[in-house]
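FYI, the numbering just counts along the sequence from 1. Counting starts at 1 for both ligands and their atoms, following the listed order. What you are looking at is a predicted structure, and each value in this text was computed from that prediction instead of being measured.
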Amino acid sequence: MTEMLQENYLKNINKIYCDFDGTITKKDAVNTFFEIYADPKWTYYENLWTEGKISSRENAIKQVALLPELSQEKLNEYIDSIEIDEYFVDFVNYIQSKDIELIIISDGFDLFIEKTLQKHNLRNIKYFANHLKYENGKFSIEFPHFNPNCKVGAGMCKCNQVKEKTFCYIGDGVSDLCVAKRASVLFATKNLETFCNKNDINCIPFFSFCNIIDYMKKVNWEK
Ligand SMILES: [Mg+2]
Ligand SMILES: [Zn+2]
């Protein structure tokens with residue numbers, strides 16, 4: 001898809017789907033959490049997943065089981081340390097001024113997303129993610145958006161969540177790929193950008209949400 005075509009799609013778009021970890025947040029909030037608190041064996045499962053030997057759902061179950069009991073105080077402290085892109089809030093304001101809805105689809109944890117959005121006064125953004133349950137200091141995981149037919153075995157099936165033919169997607173990882181490939185307009189960073197370049201998938205590279213705002217400001221909006 002040429003850049004011109006992507007711009008043409010963009011000016012009529014109603015929905016933007018966006019990944020959370022590593023896209024909106026500076027660091028992957030799930031992996032950083034495991035790095036700090038989980039039994040180091042979590043990397044063993046991470047590698048099995050990277051090698052395609054287990055699904056991301058199975059990976060999440062195994063990794064969450066390696067979390068110790070944690071006080072509410074420690075958990076809050078961690079969630080409070082999650083940093084987001086400096087221009088994400090501006091980006092949300094910009095697209096809302098164009099009547100475009102933003103929906104976060106994440107194979108990460110709802111708890112982190114919920115609290116992070118609250119902290120930045122972005123409560124009105126819809127999101128779909130795995131449910132990290134926290135009860136009496138203990139963690140477990142549930143998959144309210146699991147799709148048994150998901151080709152990549154995701155806990156939260158991104159491809160199934162997006163029903164539109166024309167949509168914009170923003171992401172950073174290879175797990176975004178199934179949905180990213182179908183996007184009419186794709187903004188990609190980090191591993192997703194590298195993958196798209198290697199596989200001739202057209203994408204608009206970005207480093208921060210300010211790049212996406214700049215790109216969008218050049219579009220001749222029809223609304
Ligand atoms: Mg990500
Ligand atoms: Zn899927």
Side-chain angles (χ1 to χ4, degrees), residues 15-35 42-43 45-47 49-50 52 54-61 63-64 79 81-88 91-92 102-117 122 125-132 141-165 167-183 186-197 199 201 203-209 211-212:
K15 273 186 189 156
I16 296 179
Y17 290 91
C18 185
D19 171 55
F20 184 72
D21 288 286
T23 301
I24 295 172
T25 66
K26 290 189 178 175
K27 287 197 270 179
D28 186 310
V30 173
N31 285 357
T32 309
F33 189 59
F34 289 138
E35 250 165 52
W42 76 273
T43 56
Y45 294 109
E46 191 70 9
N47 291 337
W49 171 69
T50 319
I54 58 170
S55 68
S56 78
R57 180 180 187 266
E58 203 181 335
N59 184 27
I61 295 170
Q63 292 180 323
V64 168
I79 293 174
S81 76
I82 297 172
E83 283 185 279
I84 66 165
D85 185 287
E86 281 87 355
Y87 294 91
F88 180 66
F91 168 75
V92 172
L102 182 73
I103 299 163
I104 297 172
I105 48 178
S106 162
D107 206 11
F109 299 154
D110 59 351
L111 185 65
F112 296 173
I113 300 173
E114 172 78 26
K115 299 281 179 195
T116 304
L117 293 178
L122 298 169
I125 297 179
K126 228 194 261 172
Y127 65 83
F128 298 91
N130 299 316
H131 178 44
L132 184 69
I141 186 163
E142 286 171 1
F143 303 94
H145 310 289
F146 178 67
N147 165 24
N149 300 319
C150 177
K151 287 192 187 89
V152 290
M156 208 296 297
C157 173
K158 297 196 182 197
C159 19
N160 200 41
Q161 209 54 244
V162 181
K163 309 278 186 217
E164 289 80 9
K165 281 212 170 100
F167 64 94
C168 170
Y169 192 77
I170 308 172
D172 80 308
V174 175
S175 55
D176 296 308
L177 206 61
C178 62
V179 65
K181 271 184 191 165
R182 279 173 38 211
L186 173 63
F187 291 97
T189 189
K190 300 175 193 168
N191 290 341
L192 183 61
E193 183 190 341
T194 312
F195 188 92
C196 287
N197 290 340
N199 293 277
I201 298 166
C203 73
I204 305 158
F206 74 99
F207 180 70
S208 155
F209 276 88
N211 307 130
I212 303 180

Query - Metal site the Mg ion (ligand 1): N/O/S of D28 inside 2.8 Å - result: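 It does not: D28 brings no N, O or S atom closer than 2.8 Å to the Mg ion (ligand 1).
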
**Report entry** Pairing of D107 and R57 as salt bridge, 4.0 angstrom limit
**Finding:**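 Result for this pair is no, no salt bridge flagged.
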
Query raised in the report: Salt bridge between E164 and K15, side-chain N to carboxylate O under 4.0 Å?
Result: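 Salt bridge flag = yes for K15 with E164.
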
Report task. Could you please compute the angle at the Mg ion (ligand 1) from OD1 of D172 to OD2 of D19, rounded to 10°? Result ->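 Between OD2 of D19 and OD1 of D172, the angle at the Mg ion (ligand 1) is about 80°.
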
Query raised in the report: Any N/O/S of C178 under 2.8 Å from the Zn ion (ligand 2)?
Result: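 No, since none of the N, O or S atoms of C178 sits under 2.8 Å from the Zn ion (ligand 2).
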
**Report entry** Validation row: Q161, N147 side chains within 4.5 angstrom (heavy atoms)
**Finding:**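 The answer is no, as the side chains (C-beta and beyond) never meet within the 4.5 Å cut-off.
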
Query raised in the report: Looking at side-chain heavy atoms only, is the closest gap between L186 and I204 below 4.5 Å?
Result: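 Side chain of L186 against side chain of I204, heavy atoms only: no contact under 4.5 Å found.
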
Query raised in the report: How far apart are the closest heavy atoms of I212 and F91, and which atoms are they?
Result: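 Result for this residue pair: CG2-CE1, 3.7 Å.
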
Report task. Please name the atom of D21, restricted to N, O or S, that is closest to the Mg ion (ligand 1). Result ->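 It is O, the N, O or S atom of D21 closest to the Mg ion (ligand 1).
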
Query raised in the report: Between SG of C150 and SG of C159, what angle is found at the Zn ion (ligand 2), rounded to 10 degrees?
Result: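 Output for this angle: 150°, rounded to tens.
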
